[in-house]
Protein chains: 2
Amino acid sequence: MNFKLTKKRQAILALLKNSGTTLSAQDIFERVDDMDLTTVYRNLDLFVKEKMITKVVLNTDEDLYEYQSEPHHHAVCTDCNKVIHFSACTEDLEKLLRIKDFNIENIEVTVRGTCRHKRV
Amino acid sequence: MNFKLTKKRQAILALLKNSGTTLSAQDIFERVDDMDLTTVYRNLDLFVKEKMITKVVLNTDEDLYEYQSEPHHHAVCTDCNKVIHFSACTEDLEKLLRIKDFNIENIEVTVRGTCRHKRV
DNA sequence: TTGCAAATGCAAATGATTTGCATTTTAACT
DNA sequence: AGTTAAAATGCAAATCATTTGCATTTGCAA
């Protein structure tokens, strides 16, 4: 670990770990005391580089980050924008993909639809 | 169709249709004559709204767009950033997803890895 | 051809993210 | 505990894809 696990960094990691879902830099900035938004961004980048967290690519305006737990996928509710996590067997998944001449390193599944908490 | 299919719009659609892959607004701007970048953006938004094209969510800096052909998925080469299309049986795919209480409307699979055109 | 709505171009605004730099904090070593 | 160099942070400004406001042009129908 070629960096210091400062209080601020611990705070960011704790937030991500405990939230159990994806958070944006702004989300984190609002929930932590005395931390510059720049620091949030810089540390998120660091954590991603160190593979401690993952940058999630959905179609949201802001980049989203999540704590590395187990490999999983995301469902986004088009009504309330809530992000739900789910799993799938990667081996089985890989068998279904009709892809050739490609060395697969990672598979991400993004589902869009509606969760049960419908809005009007 | 509550809009005019102008020459410029036809040009954008033709480009997307013929390219067979994803293009950014900038890509299109560079390949079309006498068209403002703003016009490209506005028409891409229009086409997406009209469901004539799709905005593809990968982790690239620019938004990417593609012509609606058949449902398919994307593989991104982490070496050369090339985007490859492939298909998968949606029904089979859906069976693998361990997701509950969610009304699935769309499944997108994004694969990351390397294609065969390795860079040094 | 006239007129009006839609389409376009241009310039400026927006907003998330990044960068430059001065200041503060950290951790290791006296 | 004091010293010090490197790393971390805060603040302001820059960046850059995308969007917006508005004036001008174009397309289509009466």
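Each chain gets a letter, A, B and so on, in the order the sequences are listed, and its residues count up from 1.
Rounded to an integer number of Å, the gap from A/Phe29 CZ to C/dA16 C1' is 13 Å. The distance from atom CD of A/Glu50 to atom P of D/dA8 is 10 Å, rounded to the nearest whole Å. Atom NZ in B/Lys8 sits about 13 Å away from atom P in D/dT25, given to the nearest Å. Taking atom CG of residue B/Asp36 and atom P of nucleotide C/dA11, one finds them 9 Å apart after rounding to whole Å. Going from atom CG of A/Leu44 over to atom C1' of C/dA16 covers 13 Å, rounded to whole Å. When rounded to the nearest whole Å, the span between CZ of A/Arg9 and C1' of D/dT9 equals 9 Å. For the pair A/Phe3 CZ and D/dA8 C1', the computed distance is 12 Å after rounding to whole Å. As a whole-Å value, the separation of B/Leu13 CG from C/dA7 P is 13 Å.
Listed by chain and residue number, B/Met35, B/Asp36, B/Asn43 satisfy the side chain to side chain contact (heavy atoms under 4.5 Å, CB included) test with B/Thr39 (two or more places apart in sequence, or in another chain). A search for ring pair (Phe, Tyr, Trp, His ring centres under 6.0 Å) contacts involving B/His73 returns B/Phe86, not counting sequence neighbours.
Pairs of residues two or more places apart, or lying in two chains, that qualify as side-chain hydrogen bond (donor to acceptor under 3.5 Å, both in side chains) and include a residue from residues 26-35 of chain A are A/Ser24-A/Asp27, A/Gln26-A/Glu30.
A pairwise comparison of heavy atoms in A/Glu66 and A/Thr21 identifies CB-O, 4.0 Å as the closest pair.
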Practice problem: Do nucleotides 19-30 of chain C as a string where each nucleotide becomes B, S or -: B if the base has a protein heavy atom under 4.0 Å, S if just the sugar-phosphate does, - if no protein is that close. | Solution: BB-----B----
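A/Val57 belongs to a hydrophobic cluster whose remaining members, ordered by chain and number, are B/Val57; membership requires side-chain heavy atoms of ILVMFWY residues under 4.5 Å apart, directly or through intermediates.
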Quick test: give all pairs of protein nitrogen or oxygen and nucleotides 15-18 of chain D nitrogen or oxygen below 3.5 Å, distance rounded to 0.1 Å.
unit_1, atom_1, unit_2, atom_2, d
D/dT18, OP1, B/Asp63, N, 2.7
D/dT18, OP1, B/Asp63, OD1, 3.4
D/dT18, OP1, B/Asp63, OD2, 3.2
D/dT18, OP2, B/Tyr41, OH, 2.2
D/dT18, O5', B/Tyr41, OH, 3.3

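There is no side-chain donor-acceptor pair under 3.5 Å between B/His74 and B/Glu108.
The number of heavy-atom neighbours closer than 6.0 Å to CZ of A/Phe102, taken from other residues, nucleotides and ligands shown, is above 12. A/Phe47 CZ: more than 12 foreign heavy atoms inside a 6.0 Å radius. Around atom CD of B/Glu91, no more than 12 heavy atoms belonging to other residues, nucleotides or ligands sit under 6.0 Å away.
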